[in-house]
Structure formats: structure tokens, C-alpha cells
Visitor: 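Next up is a structure, given as C-alpha cells.
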Amino acid sequence: MRRYAMLAGMSAPNFSRRRFLALAGAGSASVALASACSGDSGPKTSPVPASGPEVEAAEQARRRPGATIKDIALAAAPLSVDLGGLDAATWGYGATVPGSEIRVKAGDVVRARFTNGLPEATTIHWHGIALRNDMDGVPGMTQEAVAPQGTFTYEFAAPDPGTYWFHPHVGLHLDRGLYAPLIVEDPTEPGRYDREYIVVIDDWTDGIGQSPEAHLDDLRAGRGAHAAHLASGGGPQSDYLRSPGGDVSYALYLLNGRRSSAPVEFEARKGERIRFRIINAAADTPFRIALGGHQMTVTHADGFPVVPVTVDSLIIAMAERYDVTVTVAGDGVYPLMAVAEAKAAEAMAVVRSGSGPVPPPSVRPSELSGRILVPADLVAADAVRLPAARPDRTFGVALGGGDAGYVWTLNGKPHGENKPLEVRQGERIRLDFTNSTTMFHPMHLHGHTFQVINPGGAAGARKDTTIVRPKEAVSVEFVADNPGQWMIHCHNNYHQSGGMMLTMSYVTDRPLSSGERASPLGLVCDWLAPQVG
Ligand code: C2O
Ligand code: CU
């Protein structure tokens with residue numbers, strides 16, 4: 001008989017699969033791993049445990065002698081936030097939404113002492129960071145979820161500079177106010193800008209509309225916007241995404257926690273170069289970004305530098321980040337728009353370098369329909385471009401589902417039933433994404449920054465999240481240099497909750513110790529038993 005790990009808050013063998021999917025990211029991980037263990041014939045291998053010596057060695061290689069340790073106290077708790085003349089009861093990190101940024105230098109060690117003041121168990125996932133696996137925040141896989149009133153210390157080196165963020169990895173917690181920027185500064189940054197602003201965009205329902213959980217119930221029951229576009233193929237479509245913009249109708253869209261009728265203002269002076277670090281923290285909404293009266297030069301994608309490219313607008317999908325610089329054109333009040341793609345509403349801010357009234361939220365600067373950034377525009381900067389190499393292993397990752405019942409699949413099955421991708425440390429890995437659904441999906445890999453392969457096979461950007469449109473094939477490559485158990489999933493939080501997730505499992509020929517096999521994190525597999533001496 002296969003044994004399952006005990007999961008936070010439930011008694012192990014009695015849960016239903018429905019319950020598992022409801023916890024996407026919570027329970028399902030350990031089932032997936034167990035099935036990996038029971039897998040193929042052929043030489044027996046073991047999954048590298050999240051806290052195994054392989055993980056410890058990889059972390060030691062990232063640690064620098066004398067590295068600064070950034071000690072942070074971090075709490076998640078219910079709070080009431082002012083969204084701009086409208087209060088909402090929600091959950092957040094600290095007193096604001098977004099939570100306050102964490103800022104370190106590349107090579108520093110983040111030590112975040114986390115206290116869970118929420119009524120539900122939760123975790124923190126440090127999106128995009130190549131961190132040690134047991135700090136990755138995937139419950140039932142890399143740690144047990146932190147119980148209400150519980151604590152957990154996340155401690156990891158942050159090796160690569162860039163714009164990152166953090167959020168929970170349990171259920172739909174992300175669709176509340178639980179998100180904040182994590183900025184890793186580059187000590188060698190050429191710094192050709194005068195000011196920097198962080199721009200965090202979100203779609204908002206919590207405390208003013210239905211709860212995220214009620215939206216998911218609707219989707220499962222065939223109610224709501226997704227059902228409408230399923231039934232009729234109708235509703236607004238995005239030309240860029242070749243699909244609807246999302247599955248949930250939101251009451252509001254926010255930029256740095258403010259609705260568009262009460263936007264934040266970014267102070268600037270004529271002629272200054274401003275760097276915006278743009279983060280899409282939404283659960284279900286891509287945004288079209290433009291700054292009225294300006295072009296934007298894209299310098300970084302998902303934290304990693306690209307060969308700079310100047311555009312009028314760009315689309316940012318859920319969990320993606322773009323850093324752009326602009327040169328302030330004059331003395332004025334310029335709308336920075338984040339229009340919800342194919343959802344016909346917006347978030348906004350203003351860049352103020354002069355006096356004058358704030359433009360109305362209905363303003364649609366012409367840049368929104370000007371030259372838009374396309375994936376082939378993005379090429380990794382020399383310093384971070386992966387050399388061409390033959391992949392050691394290639395995996396297909398087929399995106400499917402989304403029909404009645406709202407089950408979403410990778411490789412034909414929802415998470416918990418699909419077969420983990422087994423990799424070995426040091427291998428060059430290629431993932432070939434294909435999409436047979438009618439939706440676009442921003443596909444994210446934990447713990448690694450892959451290189452997108454542009455059309456014709458040329459090296460694209462280094463990213464950790466990439467859009468896969470309907471009927472499109474997208475390939476990415478990376479070096480498997482961060483051992484452990486990692487998630488691949490759609491960063492639409494509702495699709496992820498509907499099963500659109502897969503485990504990428506580093507395996508080893510090393511027999512696991514009995515202590516490792518007894519770990520509560522799903523690494524127990526009966527077929528491993530003969531290997532243990
Ligand atoms: Cu933002 Cu599993 O990730
Ligand atoms: Cu998706």
C-alpha cells in the first residue's frame with residue numbers, strides 16, 4: 001500500500017481528490033511525488049528531498065563569505081485597506097496592500113521571520129528567486145503549511161539581481177491582498193536612471209465583491225464569465241492573447257493598492273530618467289501598459305536584463321515583471337495606464353512633473369494602441385544569455401482542460417494525477433509547451449529562470465513566467481542547477497486551483513536515509529523500501 005504524507009490540517013488518507021484540488025499547491029504536491037516514486041520500471045531513483053544534502057550544497061555554493069543578512073519580521077493578517085475612498089476587508093502582509101517591499105543586494109541572505117495571523121494555514125513563495133528548495137513555500141512538498149498563529153523562518157541567499165515578488169502558495173490566498181515586491185539590487189548596475197518607482201497591479205474582489213472562493217465555486221458550477229465565453233465563444237477577446245482576458249469579472253483594478261479614480265502620483269522632473277519596476281500581482285488579469293506622451297524602453301524581463309527595446313505599450317500577464325525606463329518629456333501630468341486586457345476597465349497612476357488636474361480614468365493615451373512589445377523583441381542581455389547547447393532532456397508540457405467542471409490539466413491530467421518530470425542535476429532541460437485550450441496561460445517554473453526560445457530558434461529573454469497562447473507552441477531551456485522538487489504551473493490562480501500544475505522532480509541514485517523517508521513532506525514511497533539499508 002502506498003503511504004501518503006500527513007498534510008497540514010487534514011487527516012491523511014481520508015481526503016477526497018476534490019478537496020485536494022481545492023487546495024491546489026497544498027495537498028496535491030505530495031500525491032504527485034508519491035506517484036513519481038511508484039513510477040517506471042528501470043533503475044530505481046529517489047526524489048531529491050527538499051532539505052537534502054544536494055539542496056544544502058547548492059545553497060552553500062550561493063553563499064558568499066560575509067554576506068549581509070537581511071532580517072525581516074513579516075506577518076500575514078486580516079486588515080482593512082483604503083483602495084481610494086473605498087474600504088475593503090482583506091488579508092495582507094503588514095498594514096498596506098501591496099505589502100512593503102523587501103530590498104536586498106544580490107548575494108545577500110534574506111531571513112524573513114514569518115508569523116501567520118490568518119485564520120487559515122498559509123505559506124510564502126518567493127516568486128522567481130533561485131532559492132533553496134525548502135524555502136520555496138509549496139505546502140506538502142517543500143514545507144508544511146504554517147498553521148494559524150504559527151511561525152516559520154524563511155532563510156535563503158538571493159543570488160540574482162532583479163524585480164521579484166512574494167505571495168502565498170495556498171488556495172486562492174494570492175487573490176486577496178497578500179503580495180509584495182522583493183527587489184534584489186545589482187551592485188554593478190550601470191544605474192542610468194534618476195529615480196525608481198515600483199508599480200504593482202492587481203485585480204480586486206476581496207471585501208467588496210464575491211470572495212475568491214465564491215468565484216471559484218461559480219467557475220466549477222459553470223456560472224460566470226468563463227462559462228459565457230465557453231458557451232458562445234463570445235465575450236471580449238484580446239487580439240494579442242488570441243483569447244479572452246480571464247475567467248473572473250472583477251469589481252476593481254488597482255495600481256499600488258489604489259483604484260483608478262484615486263490614483264497614486266509619481267513625482268518627477270522634466271528630463272529625468274525614471275525606472276519603473278512593473279509587477280503583475282493579479283490572479284486572473286493581464287494588463288496593457290502605456291505612459292501617455294512617452295515611449296518606454298524595456299530593460300529587464302522577469303528580473304533579468306534584456307537587450308533594450310523601445311515600445312509604446314506592452315502586455316504583462318499574471319506574475320510577469322517588466323522594468324522599463326522613460327525620459328520625462330515635459331512639465332505635465334501623464335497617465336500611466338494599466339488597462340485590463342479584454343476586460344474593459346483599468347488601473348492607473350500619474351507621473352507628475354508639473355501642475356494640472358489628474359486625467360480621468362477613462363483616458364486612453366494613443367500609446368496604448370501604438371507599437372506593442374512582442375515576445376520576439378526580447379533577447380537576453382549577453383551577460384545572462386545561455387550558450388547554445390543540445391538539451392539533455394526534452395519534455396512536452398501539454399496545456400489542456402477548462403471544460404465543464406473547470407478542471408485544467410498539464411499533460412492530460414490535473415496535478416496530483418499527472419506524472420512528474422524527472423530531471424538530474426546538471427542537465428540542460430527543454431520544455432515544449434503546447435496549448436489546446438481556448439485561453440492563454442502564463443506558465444511559471446519555480447526555482448529557475450529559463451531562456452525562451454524565440455521563433456527560428458534564436459535565444460530569447462531569460463524569464464520565469466511566459467505566456468502560451470491558444471494553439472501556440474513555446475519552448476524554453478534551462479540548466480537544472482537547483483536541486484529539489486519544483487512546481488510548473490499556470491499563474492492564473494483559478495487555473496492553478498483547477499489542477500494546472502505539474503511537479504518537476506530532481507532525482508538521484510542515492511538511497512534516501514530512513515529519516516528522509518520518514519519526512520512528512522511526501523517523500524515516502526514504498527518502492528524505495530528495498531533500497532534502505
Ligand atoms: Cu508565483 Cu508557484 O508561483
Ligand atoms: Cu492558465
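Indexing begins at 1, ligand by ligand and atom by atom, following the structure's order.
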Visitor: Relative to atom 2 (Cu) of ligand 1, which of the N, O or S atoms in His489 is the closest?
Guide: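 Nearest N/O/S atom of His489: NE2.
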Visitor: Determine whether the aromatic ring centres of His446 and His125 lie less than 6.0 Å apart.
Guide: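 Centroid separation for His446 and His125: below 6.0 Å.
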Visitor: Please determine whether His491 has a backbone or side-chain N, O or S atom lying under 2.8 Å from the Cu ion (ligand 2).
Guide: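 Checking the Cu ion (ligand 2) against His491, no N, O or S atom falls under 2.8 Å.
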Visitor: Confirm or rule out an N/O/S atom of His125, from backbone or side chain, lying less than 2.8 Å from atom 1 (Cu) of ligand 1.
Guide: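 No, His125 does not qualify, because none of its backbone or side-chain N, O or S atoms lies under 2.8 Å.
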Visitor: Do any N/O/S atoms of His491 come under 2.8 Å of atom 1 (Cu) of ligand 1?
Guide: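 Within the cut-off used here (under 2.8 Å), His491 does place an N, O or S atom near atom 1 (Cu) of ligand 1.
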Visitor: Is the distance between the ring centroids of His491 and His489 less than 6.0 Å?
Guide: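 For His491 and His489, the ring centres are under 6.0 Å apart.
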Visitor: Is there a donor-acceptor pair closer than 3.5 Å between any side-chain N or O of Asp175 and the backbone N or O of Asp206?
Guide: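 Side chain of Asp175 to backbone of Asp206: no pair is present.
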Visitor: Taking both backbone and side-chain atoms into account, decide whether His446 has an N/O/S atom under 2.8 Å from atom 2 (Cu) of ligand 1.
Guide: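 True for His446.
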Visitor: What does the angle at atom 1 (Cu) of ligand 1 come to, between atom NE2 of His167 and atom ND1 of His127, rounded to 10°?
Guide: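 NE2 of His167, atom 1 (Cu) of ligand 1 and ND1 of His127 span an angle of about 130°.
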Visitor: Counting only N and O atoms by type, is there a donor-acceptor contact under 3.5 Å from the side chain of Asn116 to the main-chain atoms of Gly150?
Guide: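 Side chain of Asn116 to backbone of Gly150: no pair is present.
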Visitor: Can you tell me if an N/O/S atom from His169 lies under 2.8 Å from atom 1 (Cu) of ligand 1?
Guide: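 No N, O or S atom of His169 is closer than 2.8 Å to atom 1 (Cu) of ligand 1, so no.
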Visitor: Within 45° of the axis and under 6.0 Å from the centre of the six-membered ring of Phe156, does NZ or CZ of Arg111 qualify?
Guide: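 Pair Arg111/Phe156 does not count as cation-pi.
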Visitor: Can you give the angle His495 ND1 - the Cu ion (ligand 2) - His441 ND1, rounded to 10°?
Guide: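 It is 100°, given to the nearest 10°.
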Visitor: Taking the six-membered ring for Trp and the single ring otherwise, decide whether the centroids of Tyr154 and Phe152 are under 6.0 Å apart.
Guide: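 Yes, close enough.
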